[in-house]
Amino acid sequence: AGRRFGVADLCHIALPRLGVEPRAALMAIAPALLAGGLMALALSTTDASLQGLTPMLRLLLKIALGAGFYAALLWAFNAVARRPVAS
């Protein structure tokens, strides 16, 4: 049985070898993590309103809503990140 690697191993072994600071790696994935969390929150709050529909229709609506919400959040985060900083 081989050794399993986790997040701590990534931060302490892989990132320094790649020349990446842990803070920079976190900042790079932060928009995706935040968008994923907000998407999950949005879908969990809309789930109650979809209760009267068939399971297949509920699944299709959740996929469409989740993908649209996630894409819109990533687009918004990208727009904010590209906004010039006032000097």
[X] side, atom [atom1]; [Y] side, atom [atom2] - distance, nearest 0.5 Å:
{"X": "Leu43", "Y": "Tyr70", "atom1": "CG", "atom2": "OH", "answer": "13.0 Å"}
{"X": "Leu60", "Y": "Leu65", "atom1": "CG", "atom2": "CG", "answer": "11.0 Å"}
{"X": "Thr46", "Y": "Gln51", "atom1": "OG1", "atom2": "CD", "answer": "10.0 Å"}

For Leu61, the rest of its hydrophobic cluster, which grows through side-chain links under 4.5 angstrom: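 Joined to Leu61, directly or through intermediates: Leu50, Leu53, Leu57.
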Selection residues 24-37 - residue pairs positive for salt bridge (Lys or Arg N to Asp or Glu O under 4.0 Å), sequence neighbours left out: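 Qualifying pairs: none.
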Of all pairs that satisfy salt bridge (Lys or Arg N to Asp or Glu O under 4.0 Å), the ones with a partner from residues 40-69, not counting sequence neighbours: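 Sorted result for residues 40-69: Asp47-Arg58, Asp47-Lys62.
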Which heavy atom in [X] sits nearest to a heavy atom in [Y], and how many Å separate them?
{"X": "Ala25", "Y": "Leu15", "answer": "CB-CD1, 3.9 Å"}
{"X": "Ala42", "Y": "Thr45", "answer": "O-OG1, 2.8 Å"}
{"X": "Leu38", "Y": "Phe69", "answer": "O-CE2, 3.4 Å"}

